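Note sheet for the following structure.
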Amino acid sequence: MSGLVLKLAPNERLLINGAVIENGSRRGRLNVLTPGAHILRLRDAIRPDESDTPVKRLCYQAQLVLSGDAPMAEVAPRLMRGIDELSAVFRDAESHEILSAARRATQEGKAYYALKFLRRLIETEAFLLSVASR
């Protein structure tokens, strides 16, 4: 069996193609066989009021596609512009690799992977912002 395998915690919620799914009281496993299904673990979701930094704002934009609230064609230009802006700020090699991967995912219309890569920069961004505020 191929596809995406999701291991779910008890009572964990996720969004699949706009529908909220909740696991039962025991751990579960879900095989998603449909390629291109939009999936978002709600425990990982960034709420609008939490999107208070450049990286979090881009993550939120990608989430809008996954939740079905915006088409990728509308969001992609904003993601690309934001990724380009972040490339000027994040100067280390690892961050540039992450941003390149997010750029490729966006160009390919893969919002889930764009979000996955961008989320990896949240911690680095928090560190940079804390240093800048000193």
Side-chain angles (χ1 to χ4, degrees):
M1 205 180 265
S2 63
L4 178 65
V5 177
L6 298 169
K7 294 179 181 174
L8 304 172
N11 304 312
E12 183 174 359
R13 291 181 178 187
L14 51 120
L15 191 66
I16 300 179
N17 289 343
V20 176
I21 309 293
E22 183 177 67
N23 190 31
S25 59
R26 298 186 340 177
R27 298 183 68 71
R29 178 180 162 137
L30 187 64
N31 296 320
V32 181
L33 302 177
T34 304
H38 294 300
I39 299 168
L40 176 64
R41 287 181 185 268
L42 293 181
R43 70 175 183 211
D44 295 334
I46 296 174
R47 284 148 187 68
D49 60 320
E50 296 171 342
S51 61
D52 54 359
T53 67
V55 173
K56 288 180 183 178
R57 281 191 283 276
L58 289 181
C59 289
Y60 183 72
Q61 290 297 311
Q63 283 180 192
L64 289 175
V65 175
L66 296 175
S67 67
D69 291 319
M72 187 62 167
E74 178 185 307
V75 172
R78 291 193 296 255
L79 285 174
M80 294 300 287
R81 190 170 40 256
I83 290 168
D84 290 343
E85 291 169 359
L86 290 176
S87 293
V89 176
F90 290 89
R91 301 196 178 269
D92 61 289
E94 182 181 354
S95 294
H96 272 268
E97 286 178 30
I98 292 169
L99 289 167
S100 292
R103 183 179 290 112
R104 277 191 306 279
T106 301
Q107 290 169 334
E108 294 171 4
K110 297 179 178 178
Y112 174 81
Y113 289 103
L115 174 61
K116 179 180 173 181
F117 291 118
L118 289 167
R119 285 187 65 78
R120 291 175 52 190
L121 293 175
I122 291 175
E123 199 171 300
T124 304
E125 179 187 47
F127 172 76
L128 291 174
L129 290 172
S130 71
V131 169
S133 67
R134 290 181 187 166

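Fair warning: this is a prediction, and the values are worked out from it, not measured in the lab.
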Counting neighbours of [atom1] on [X] that are heavy atoms of other residues, nucleotides or ligands and sit closer than 6.0 Å, is the number greater than 12?
X: Arg41; atom1: CZ; value: yes
X: Glu74; atom1: CD; value: yes
X: Arg78; atom1: CZ; value: yes

Could you tell me the separation between the [atom1] atom of [X] and the [atom2] atom of [Y], rounded to the nearest 0.5 Å?
X: Asn17; Y: Ile39; atom1: CG; atom2: CD1; answer: 7.5 Å
X: Leu33; Y: Leu30; atom1: CG; atom2: CG; answer: 9.0 Å
X: Leu8; Y: Arg43; atom1: CG; atom2: CZ; answer: 8.0 Å
X: Ile83; Y: Ile98; atom1: CD1; atom2: CD1; answer: 12.0 Å
X: Arg103; Y: Asp84; atom1: CZ; atom2: CG; answer: 5.0 Å

Common cluster, [X]/[Y], ILVMFWY with side-chain heavy-atom separation under 4.5 Å:
X: Ile16; Y: Leu64; result: no
X: Ile46; Y: Leu58; result: yes
X: Ile122; Y: Leu40; result: yes
X: Val75; Y: Tyr113; result: yes
X: Met72; Y: Leu115; result: yes

Can you name the side-chain contact (heavy atoms from CB on, under 4.5 Å) partners of Arg91, sequence neighbours left out?
none

Begin with the C-alpha distance, continue with both residues' side-chain angles, and end with the deciding distance and a verdict on side chain to side chain contact (heavy atoms under 4.5 Å, CB included) for Leu66 and Leu15.
CA-CA 8 Å; Leu66 296 175; Leu15 191 66; 6.0 Å; no

Test applied, side chain to side chain contact (heavy atoms under 4.5 Å, CB included); reference residue, Glu125; option that passes from Ser130, Pro54, Ser95
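Of the listed residues Ser130, Pro54, Ser95, the side chain to side chain contact (heavy atoms under 4.5 Å, CB included) partner of Glu125 is Pro54.
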
Check: [Y] main-chain N/O paired with [X] side-chain donor or acceptor under 3.5 Å:
X: Asn23; Y: Ala9; value: yes
X: Arg47; Y: Ala45; value: yes
X: His38; Y: Ser67; value: no
X: Arg57; Y: Gly82; value: no

Which atom pair, heavy atoms only, marks the closest approach of Tyr60 to Pro48?
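In this case the closest contact between Tyr60 and Pro48 is OH-CG, 3.3 Å.
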
Closest heavy-atom contact between Pro10 and Ser25?
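Scanning both residues completely, I find the closest heavy atoms to be CB-O, 3.3 Å.
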
As a quick check of understanding, evaluate side chain to side chain contact (heavy atoms under 4.5 Å, CB included) for Val20 and Leu14, giving each step before the final call.
CA-CA 6 Å; Val20 176; Leu14 51 120; over 6 Å; no

Under a 4.5 Å cut-off applied to non-hydrogen side-chain atoms, are Leu99 and Leu118 in contact?
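Yes, side chains in contact.
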
Do Glu50 and Lys56 sit within salt-bridge range, that is, some charged N less than 4.0 Å from a carboxylate O?
no

Please walk me through it: do Met80 and Gln107 pass side chain to side chain contact (heavy atoms under 4.5 Å, CB included)?
CA-CA 8 Å; Met80 294 300 287; Gln107 290 169 334; 3.6 Å; yes

